[in-house]
Amino acid sequence: MYRSKYGSHNSEAISGGRLMNILEKINSGFTYFDGGCGTILQEQGLKPGELPETWNIIHPEIIQKMHYDYLCSGVNILKTNTFGANSLKFGDEGELSLENIISAAINNAREAISKAPADTERYVALDVGPLGKLLKPLGDMEFEHAVTIFKKTIELGAKYGADLVLVETMNDIYEAKAALLAAGEVTDLPVFLTCAYDESGKLLTGADPKSVVAVAEGLGVSAVGINCSLGPKQMAPLVEELSAYASVPVICNPNAGLPRTENGKTIFDVGPEDFAKAMKLIIEAGAQILGGCCGTTPAHIKATVLESANHTAKPVTEKNITMVTSYTHSVIFDRKPILIGERINPTGKSKFKQALRDHNIDYILQEGLTQQEKKADILDVNVGLPEIDEVAMMIEVVCELQAVTDLPLQIDTTNVEAMEKALRVYNGKAMINSVNGKEEVMNAIFPLVKKYGGLCVALTIDEDGIPTTAEGRLAIAKKIYEKAAEYGIKPKDIIVDPLCMSISAEPESANVTLEALRLIRDKLNGKTSLGVSNISFGLPSRDLVNGTFFTMAMQNGLSAAIMNPNSAEMMKAYYTFCALNAIDANCGDYIDYASNLPSMV
């Protein structure tokens, strides 16, 4: 027996005379999961309503035989019979306790491995399925309760020697986040995630594949993919989208076709040969980890292994895509500038300050909805006032906003506790405002970015203040990138704010900021953000200055603006810029906007 960071093993994974860990394996060609469990056990006598996980103890020989048959078909990774093994179904006492179920499940997999031909690498995945309850606000389960339940299962899996954790068949990205957070907090085992998409290409609660990738990679998964619900032909387009955005290997574990009921029995119509032919489409779409789900048998997996021998796995490549997400969709920072609504922020807003003091959540939510109507892409959320409990208010506002709008949020606070609490309950991949070049700040914020994922705004200020030159701000941006890399945070997840001060106080401020934008774009290939309206503090008719400066900033590479979407001059600048730069298809957005402007005589 040996122990590595991947757990205890009773059998060795052998490759070329050495041990190969699971992360090496999934990045070195095709890797194979096993297939269906429940459908096979039903054929062996599992009764309706009977918990299949109990068979780990009462029928271990059947579970071991199932695992063994899959191993003989060419499988590398066995899923334990623990899909529903959680504290909602199993208690702490008795023969069928949760701990005994999980211990027996892992032991059954190990026993099968010990008897199977030792001609390839073998790994045991702790199978973690959904809890069967919706999380708030769609359901009644608290997010932290879900995290606690998942933690208990995953701790036991790690204790008894799983090589990895497979969080599978998730149809809600929020529940998936709870499971992934739980795994990261109790073990250093690699974690894989597969979700169940419907025929529209979305999860039950609305997330699309690229949003799932963004959230999952932000939370540190080692592989991401799709399972259940669909057959391989229907999954191919989804795998292609996953592969286009994922910087980790992609998993595809389809059903043996779409299920139908015949004489009270669930039937899957796709046999092993047709399944393998369809899996060719999955391979071509970019999946590196192949297997099956409901209705698939060892014969299906064997046919897939044989088919894949005729192909080469597509290499896993880093996707340099900067994005944030809500619980349904993503916002990608590319050629088209992103609009970040600034109205949920007390700075300079007496009515908003009073709403915070009065705990007037309806006023705050209306500010968010109004900005969404005005076409903001992201909502900035800042609730910091000295006289209120910012931590509690931030948690409440983030949760309430996500119950009424599907726009991604920017968590805007200097309170580290408020930032962490908000990131923890946030449903998606948040924008985080902000970090800066001060060592103390970077050491406080970057661990949160690494743990929870997110796109972090980096202000070009350090212990010496804000540099007066564009080159000085570029130097701080470089320092922030380098420090972020020490925490495993990639440049694509940093967006630099080179800062702008009012030209009424610093006449050269606009020119310095514009030059800094160009340098960050051209020297670092970096994305940038600005609080545009800062440029006009102290001036009359500020909207005129803001609109013109916004145009100049976009022309110099600005990726995103924190701005007021109710500002006529700012929105005119935005729509005309996009039309003139051919990033508004057929000028459609401009025409729609201009057609609703007051007639000019």
Side-chain angles (χ1 to χ4, degrees), residues 134-139 141-147 150 170 172-185 193 203 205-208 210-221 322-331 338 340-341 344-345 361 364-365 368 371-372 376-384 390-435 445-457 489 493 495 562:
L134 284 173
L135 275 59
K136 290 183 176 181
L138 297 177
M141 178 171 279
E142 295 286 351
F143 178 78
E144 286 300 337
H145 188 200
V147 173
F150 284 125
M170 289 289 159
D172 176 9
I173 193 60
Y174 204 29
E175 185 177 12
K177 176 177 178 175
L180 297 179
L181 268 181
E185 290 179 349
L193 171 68
L203 304 188
T205 51
D208 59 19
K210 58 180 175 290
S211 299
V212 171
V213 168
V215 174
E217 289 192 357
L219 292 167
V221 300
T322 297
M323 72 173 115
V324 294
T325 82
S326 66
Y327 57 93
T328 60
H329 69 279
S330 60
V331 171
I338 300 303
I340 304 171
I344 304 177
N345 189 318
I361 300 298
I364 299 171
L365 298 184
Q371 292 178 100
Q372 182 171 21
D377 299 302
I378 298 168
L379 299 179
D380 182 74
V381 182
N382 185 317
V383 295
E390 183 182 357
V391 175
M393 181 63 80
M394 179 65 87
I395 294 170
E396 183 175 7
V397 169
V398 165
C399 291
E400 292 292 336
L401 274 171
Q402 289 205 292
V404 299
T405 175
D406 63 354
L407 292 184
L409 304 182
Q410 175 173 266
I411 310 301
D412 185 355
T413 180
T414 57
N415 184 316
V416 175
E417 183 184 1
M419 182 179 290
E420 176 163 21
K421 297 287 188 181
L423 290 173
R424 191 169 182 86
V425 300
Y426 182 75
N427 191 355
K429 177 182 177 181
M431 199 163 177
I432 303 167
N433 192 4
S434 58
V435 73
I445 301 303
F446 282 146
L448 302 183
V449 179
K450 178 61 177 176
K451 178 175 182 177
Y452 295 103
L455 174 61
C456 190
V457 178
I489 299 166
D493 286 327
I495 187 163
I562 303 173

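As a basis for the values below, the full set of heavy atoms in this structure was taken, side chains included, without hydrogen atoms, waters or symmetry mates.
In this structure, Tyr174 has its ring center no closer than 6.0 Å to that of Tyr327.
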Return a table of donor-acceptor pairs under 3.5 angstrom between the side chains of residues 415-424 and protein atoms on other chains or two or more places apart.
residue : atom : partner : partner atom : Å
Asn415  : OD1  : Glu417  : N            : 3.0
Asn415  : OD1  : Ala418  : N            : 2.9
Glu420  : OE2  : Tyr452  : OH           : 2.9
Arg424  : NE   : Glu144  : OE2          : 2.4
Arg424  : NH1  : Glu185  : OE2          : 2.7
Arg424  : NH1  : Tyr452  : OH           : 3.2
Arg424  : NH2  : Glu144  : OE1          : 3.4
Arg424  : NH2  : Glu185  : OE1          : 3.2
Arg424  : NH2  : Glu185  : OE2          : 3.3

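Pairing each heavy atom of Val221 with each of Leu193, the nearest pair is CG1-CB, 4.2 Å. The shortest non-hydrogen separation linking Val331 to Pro408 is CG2-CG, 3.7 Å. Scanning both residues, Thr325 and Ala214, for their nearest heavy atoms gives CG2-CB, 3.6 Å. Contact detail for Val449 and Ile432: the closest heavy-atom pair is CG2-CD1, 3.8 Å. Between Ala178 and Ala146, the shortest heavy-atom contact is CB-CB, 4.0 Å. Of all the heavy atoms in Phe150 and Ala182, the pair that sits closest is CB-CB, 3.6 Å.
Checking Thr413 against Glu390 by side-chain atom types alone, a donor-acceptor pair falls below 3.5 Å.
Side-chain contact check for Leu409 versus Val398: some heavy-atom pair is nearer than 4.5 Å. When side chains are defined from C-beta on, Ile340 does not count as touching Asp377, because their heavy atoms never get closer than 4.5 Å. Side chains of Thr205 and Leu138 form a contact here, defined as non-hydrogen atoms less than 4.5 Å apart. Between Leu455 and Thr322 the shortest side-chain heavy-atom distance falls below 4.5 Å. Ile344 has its side chain out of reach of Asp380: every pair of non-hydrogen atoms, C-beta onward, lies at least 4.5 Å apart. Counting only heavy atoms from C-beta outward, the side chains of Cys456 and Ile445 approach each other to under 4.5 Å. With contacts defined as side-chain heavy-atom distances shorter than 4.5 Å, the pair Leu407/Ile378 does not qualify. Counting heavy atoms from C-beta outward, Ile562 and Val457 have side chains that stay 4.5 Å or more apart.
Leu379 contributes atom CG, which lies 10.0 Å from atom CD of Gln402 (distance to the nearest 0.5 angstrom). One finds the CD atom of Gln410 at 9.5 Å from the CG atom of Asn382 (value rounded to the nearest 0.5 Å).
Partners of Ser434 according to the side-chain hydrogen bond (donor to acceptor under 3.5 Å, both in side chains) rule, which considers only residues two or more places apart in sequence or in another chain, do not exist here. Under the side-chain hydrogen bond (donor to acceptor under 3.5 Å, both in side chains) criterion, Lys429 pairs with Asp493, sequence neighbours left out.
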ask   = After noting the C-alpha distance and the side-chain angles of Met431 and Ile495, does the key distance pass the side-chain contact (heavy atoms from CB on, under 4.5 Å) rule?
value = CA-CA 9 Å; Met431 199 163 177; Ile495 187 163; 3.8 Å; yes
key: Lys136/Met141 under side-chain contact (heavy atoms from CB on, under 4.5 Å): CA gap, chis, key distance, verdict   = CA-CA 6 Å; Lys136 290 183 176 181; Met141 178 171 279; over 6 Å; no
query = Yes or no on side-chain hydrogen bond (donor to acceptor under 3.5 Å, both in side chains) for Asp406 and Gln372, after CA distance, side-chain angles and deciding distance?
reply = CA-CA 9 Å; Asp406 63 354; Gln372 182 171 21; 3.0 Å; yes
key: Val381 and Asp412: CA distance, side-chain angles, deciding distance, side-chain contact (heavy atoms from CB on, under 4.5 Å) verdict   = CA-CA 5 Å; Val381 182; Asp412 185 355; 5.8 Å; no
task = Mind running side-chain contact (heavy atoms from CB on, under 4.5 Å) on Leu181 and Lys451 for me, showing each step along the way?
result = CA-CA 8 Å; Leu181 268 181; Lys451 178 175 182 177; 4.3 Å; yes
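Here the side chain of Lys177 pairs no donor or acceptor atom with the backbone of Leu219 at under 3.5 angstrom. In this structure, Ser211 contributes its side chain and Ser330 its backbone to a donor-acceptor pair below 3.5 Å.
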